Colleague: 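My questions all concern the structure below.
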Amino acid sequence: EPEVTQTPSHQVTQMGQEVILRCVPISNHLYFYWYRQILGQKVEFLVSFYNNEISEKSEIFDDQFSVERPDGSNFTLKIRSTKLEDSAMYFCASSRERAPNEKLFFGSGTQLSVL
Amino acid sequence: GNSVTQMEGPVTLSEEAFLTINCTYTATGYPSLFWYVQYPGEGLQLLLKATKADDKGSNKGFEATYRKETTSFHLEKGSVQVSDSAVYFCALIHQGGSEKLVFGKGTKLTVNP
């Protein structure tokens with residue numbers, strides 16, 4: 001079965017640094033998402049992206065966050081100036097059609113540690 | 001707002017034991033309900049879903065029934081296997097146009113031989 005690929009699997013950064021988390025969605029998918037899970041807490045929605053635009057975002061997704069689909073295959077999440085509380089597992093997901101009607105395919109996540 | 005509460009783990013069972021993982025939800029309107037599973041080293045995968053009251057989702061021997069009267073979607077399996085060891089997430093999505101999945105915290109299941 002096709003997979004969503006995320007790189008790196010682990011990222012360690014210093015507070016205040018910029019990080020870019022990368023995702024390669026499934027090739028014929030059109031809808032893209034980022035979620036995160038802080039240790040011991042719920043998986044939380046960050047943002048959805050379609051047709052090169054953000055279609056929905058949560059209150060967590062403030063000006064420090066941005067998403068981009070720089071080419072036909074990658075989907076990235078940038079955190080401009082990381083904070084300690086950004087430490088979490090970040091999951092990318094994609095779907096062929098818009099949720100809720102279509103199943104989401106998730107990557108295995110990037111564990112971000114901010115020191 | 002919408003939320004999902006699932007039983008705290010971890011849950012440890014012997015092979016062939018009966019599994020129940022409780023999940024209750026709070027939502028306006030009529031959400032769709034899901035169970036996702038994450039096997040070690042992999043991404044979350046959709047296990048089963050139900051889109052309206054009294055629907056039963058099933059897959060790989062797992063079942064869950066959408067109970068509107070108790071706002072619940074408990075996951076059950078009659079006889080677990082070692083290969084079922086994973087983290088299980090209950091989730092909902094509101095049918096009112098949002099694309100946002102609302103998850104519970106996840107329940108880690110370990111099945112011993």
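Since the model is a prediction, treat every value here as computed from it, not as a measurement. We name chains A, B, ... by the order of the sequence lines, and we start the count at 1 in each one.
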Colleague: What distance separates A:F106 CZ from B:Y36 OH, expressed to the nearest 0.5 Å?
Modeller: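 If we round to the nearest 0.5 Å, A:F106:CZ and B:Y36:OH are 5.0 Å apart.
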
Colleague: Write down the atom of B:G41, the atom of A:S108, and the distance for their closest heavy-atom approach.
Modeller: O-CB, 3.6 Å

Colleague: Non-hydrogen atoms of chain A under 4.5 Å away: do they reach the side chain of B:E42, the backbone, both or neither?
Modeller: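 Backbone only.
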
Colleague: Between B:V102 and A:F45, is the side-chain contact (heavy atoms from CB on, under 4.5 Å) condition met? List the steps.
Modeller: CA-CA 7 Å; B:V102 176; A:F45 170 81; over 6 Å; no

Colleague: With the 4.5 Å side-chain cut-off for hydrophobic clustering, are A:F32 and A:F65 part of the same group?
Modeller: yes

Colleague: Would you mind checking which part of A:S58 comes under 4.5 Å of any heavy atom in chain B, side chain (CB onward), backbone (N, CA, C, O), both or neither?
Modeller: neither

Colleague: Does atom CD of B:E69 have more than 12 heavy-atom neighbours from other groups under 6.0 Å away?
Modeller: yes

Colleague: Within the supplied structure, the quantity of interest is the number of heavy atoms (other residues, nucleotides, ligands) at a distance under 6.0 Å from A:L84 CG; does it exceed 12?
Modeller: yes

Colleague: Would you mind checking which part of B:Q38 comes under 4.5 Å of any heavy atom in chain A, side chain (CB onward), backbone (N, CA, C, O), both or neither?
Modeller: side chain

Colleague: For B:K108, I'd like to know if atom NZ has over 12 heavy atoms of other residues, nucleotides or ligands within 6.0 Å.
Modeller: no

Colleague: Quick check on A:L104 against chain B: is it the side chain, the backbone, both or neither that has a heavy atom closer than 4.5 Å?
Modeller: both

Colleague: Rounded to the nearest 0.5 Å, what separates atom CZ in A:F105 from atom CG in B:L46?
Modeller: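 Atom-to-atom, A:F105:CZ and B:L46:CG are 8.5 Å apart.
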
Colleague: Is there a path from B:W35 to B:Y30 through hydrophobic residues (I, L, V, M, F, W, Y) whose side chains come within less than 4.5 Å of each other?
Modeller: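 Cluster IDs for B:W35 and B:Y30 match.
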
Colleague: Transitively linked via ILVMFWY side-chain contacts under 4.5 Å: B:V80 with B:L75?
Modeller: yes

Colleague: So, the side chain of A:K42 versus the backbone of B:V4: is there a donor-acceptor pair under 3.5 Å, distance only?
Modeller: yes

Colleague: Considering residues, nucleotides and ligands other than A:D63, do more than 12 of their heavy atoms fall under 6.0 Å from its CG?
Modeller: no

Colleague: What part of B:Y39 gets closer than 4.5 Å to chain A, counting heavy atoms only: side chain, backbone, both or neither?
Modeller: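 For B:Y39, there is no contact with chain A at all, as no heavy atom is under 4.5 Å.
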
Colleague: Where on A:Q37 is there a heavy atom nearer than 4.5 Å to chain B: the side chain, the backbone, both, or neither?
Modeller: side chain

Colleague: Would you say A:V47 ends up clustered with A:Y33 if hydrophobic residues are merged whenever their side chains have heavy atoms under 4.5 Å apart, either directly or through other cluster members?
Modeller: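 No.
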
Colleague: Ignoring hydrogens and angles, tell me if any N or O in the side chain of A:E56 forms a donor-acceptor pair with the backbone of B:E99 under 3.5 Å.
Modeller: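 Flag set: sc A:E56 to bb B:E99 pair under 3.5 Å.
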
Colleague: Quick one: NZ on B:K100 to CD on A:E44, what's the gap to the nearest 0.5 Å?
Modeller: 10.0 Å

Colleague: Hey, any chance B:V11 and B:F89 share a hydrophobic cluster, counting ILVMFWY side chains that come within less than 4.5 Å of each other, even indirectly?
Modeller: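 No, no single cluster joins them.
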
Colleague: CZ/A:F91 to CG/B:L101 distance, rounded to the nearest 0.5 angstrom?
Modeller: 13.0 Å

